[in-house]
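Below, read A as the first sequence line, B as the second, and so on, with proteins coming before strands; counting in each chain starts at 1. From a predicted model like this one, the values you see are computed outputs, not experimental measurements.
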There are 2 protein chains.
Amino acid sequence: MKNSPLTKFIQKSIPLNKIDVEEIASSFRLKEFKKGDYFLKENQISNDYFYLYKGLMRTYLYDLNGNQITTDFFTENNIVFEVTSFFNRVHSETNIQTITDCTGYRISYEELNTLFHNKPTFRDFGRAILVKEFIASKKRVYAMINQTAEERYQNLLVSKPEILKNSPLKYIASYLGITDSTLSRIRQNIS
Amino acid sequence: MKNSPLTKFIQKSIPLNKIDVEEIASSFRLKEFKKGDYFLKENQISNDYFYLYKGLMRTYLYDLNGNQITTDFFTENNIVFEVTSFFNRVHSETNIQTITDCTGYRISYEELNTLFHNKPTFRDFGRAILVKEFIASKKRVYAMINQTAEERYQNLLVSKPEILKNSPLKYIASYLGITDSTLSRIRQNIS
DNA sequence: GATGGCACTTGACAAAAGGCAAGAAATTAA
DNA sequence: TTAATTTCTTGCCTTTTGTCAAGTGCCATC
């Protein structure tokens, strides 16, 4: 496990001595997914705290007309879990599904709490992840308020090109808050 | 301080024995604001963790054209602070300003950390607040994606009428992601 | 290499929202 | 109370985005 991507990820997030990081990282276990597999299905309780090393996932739910709305993507080198369900121990309203094959390291809710208990400074890691995702969500709200769909697309193009490369257009469209047709026209417009 | 709104708020958020709650609540100190006062100005570091007992605040920033964008409101019986700046100890990009006179109880960043240290279970309170705000932000993204401006307005009317009562229309408009003119027309349409 | 099913594009029209400016209404200050 | 300022409304026209439907291209697979 030494020098694994996970230990690097933890060390980048918070200052911790190497011995602790190794011990923490070794509590995580390898997990692999095939393209299209579900990390979480609605009505389940999100129980895995997952470091995504390779691959791409999305989270989606259904609107009142039964259409899938992709509300978020998870890219490499991020933690995947459904906050509401994971921390509040309630049934998830959303699905998390892989878009490509995925590899990473998982730990359960109970194991994470044990870790928080045994390594109090690791709590700061948990908080840092939470804060990071929260900030991302706030930026997304801001973008929805005062950017046009085209600007949002252009920004995504620059900041997360791996999404555009691997995800079907319809997922990206609903993530940007527009229809497939509009996104298709935006693309045409740019090229 | 016994049976103060703050102790009730804490007890509603997490299970804690009365003695601890009293001790925690007594670490907070009363703070009052006049209408229009700033709780936080951009470029400052958010240092107050504030339980808002009475009143209404908003957080705003400037877009590229120099227009104020109100990204969020803080209503009674909520914790007010700027996550990014408060937890990451960086300069805030946003302002938090009162819309009405406000009353509440504050604690500093250092005091909060001391409290987390002395009362480990109180950490769960901190996390619960963070999770709650995060969930609210995600719901907001979802609303921006698949609701019309009118639906978002109607929902706000039901869920947070105190905002509509006390906030100027232009703040609400940018919060909903539309212009004042459009919001004015939506209102007209409804009545 | 035909067939079916997605994924994506495109056209014609409709609906939603914005820009700008004038004016009414309300609030604040003098 | 009056004047000044801000807030809100409204009209006219433009831009953005949506809806629906048809059509193209690309795989998968049998």
Could you give the [atom1]-to-[atom2] distance, from [X] to [N], as a whole number of Å?
X: B:Ile186; N: D:dT9; atom1: CD1; atom2: C1'; answer: 14 Å
X: A:Leu183; N: C:dT9; atom1: CG; atom2: P; answer: 8 Å
X: A:Arg152; N: D:dT16; atom1: CZ; atom2: C1'; answer: 11 Å
X: B:Gln68; N: D:dT6; atom1: CD; atom2: C1'; answer: 13 Å
X: A:Ile178; N: D:dT19; atom1: CD1; atom2: P; answer: 12 Å
X: A:Ile172; N: C:dA7; atom1: CD1; atom2: P; answer: 12 Å
X: B:Asn189; N: C:dA16; atom1: CG; atom2: C1'; answer: 11 Å

Checklist entry - Picking from D:dC20, C:dT9, D:dG11, which would you name as closest to the side chain of A:Ser181? => result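 Minimum distance to the A:Ser181 side chain belongs to D:dC20.
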Checklist entry - Given the rule in the ring-ring contact (aromatic ring centres under 6.0 Å, His included) test, do B:Phe116 and B:Phe122 qualify, once you have shown the distances and angles that lead to the verdict? => result CA-CA 6 Å; B:Phe116 283 159; B:Phe122 186 58; 5.6 Å; yes
Checklist entry - Can you check whether A:Asn67's main-chain N or O pairs, donor with acceptor, with A:Asn65's side chain at less than 3.5 Å? => result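 Checked: no pair found.
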Next on the checklist: Taking the six-membered ring of B:Phe33 as reference, does the cationic atom of B:Lys31 (NZ for Lys, CZ for Arg) lie under 6.0 Å from its centre and within 45° of its axis?
Outcome noted: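 Judged by the rule (NZ or CZ under 6.0 Å from the ring centre, within 45° of its axis), B:Lys31 is not positioned above B:Phe33.
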Checklist entry - Can a cation-pi geometry be assigned to A:Arg89 and A:Tyr109, taking NZ or CZ under 6.0 Å from the six-membered ring centre and within 45° of the ring axis? => result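 Yes, A:Arg89 lies over the aromatic ring of A:Tyr109.
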Checklist entry - Hey, is the side chain of B:Thr182 poking within less than 4.0 Å of OP1 or OP2 on C:dG18, counting only N and O atoms? => result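 So the side chain of B:Thr182 is within the cut-off, an N or O lying under 4.0 Å from OP1 or OP2 of C:dG18.
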What's [X] touching, base or sugar-phosphate or nothing? Going by heavy atoms closer than 4.0 Å.
X: B:Arg187; value: sugar-phosphate
X: B:Thr179; value: sugar-phosphate
X: A:Glu150; value: nothing

Item to check | A:Phe50, A:Phe87, A:Tyr51, A:Phe74 screened by ring-ring contact (aromatic ring centres under 6.0 Å, His included) with A:Phe81, the one that passes | outcome: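 Considering A:Phe50, A:Phe87, A:Tyr51, A:Phe74, a ring-ring contact (aromatic ring centres under 6.0 Å, His included) with A:Phe81 is found only for A:Phe87.
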Checklist entry - Taking the nucleotide of DNA chain C with the closest heavy atom to each, which residue, A:Leu169 or B:Ala149, is nearer the 5' end? => result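 Mapping each residue to its closest nucleotide by heavy atoms, the 5'-most match is A:Leu169.
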Item to check | Along DNA chain C (nearest heavy atom to each residue), the more 5'-positioned of B:Lys35 and A:Lys170 | outcome: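 Here A:Lys170 is the residue nearer the 5' end.
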Checklist entry - Between B:Ile145 and B:Ser167, which is nearer to the 5' end of DNA chain D once each is assigned its nearest nucleotide? => result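 Result of the comparison: B:Ser167.
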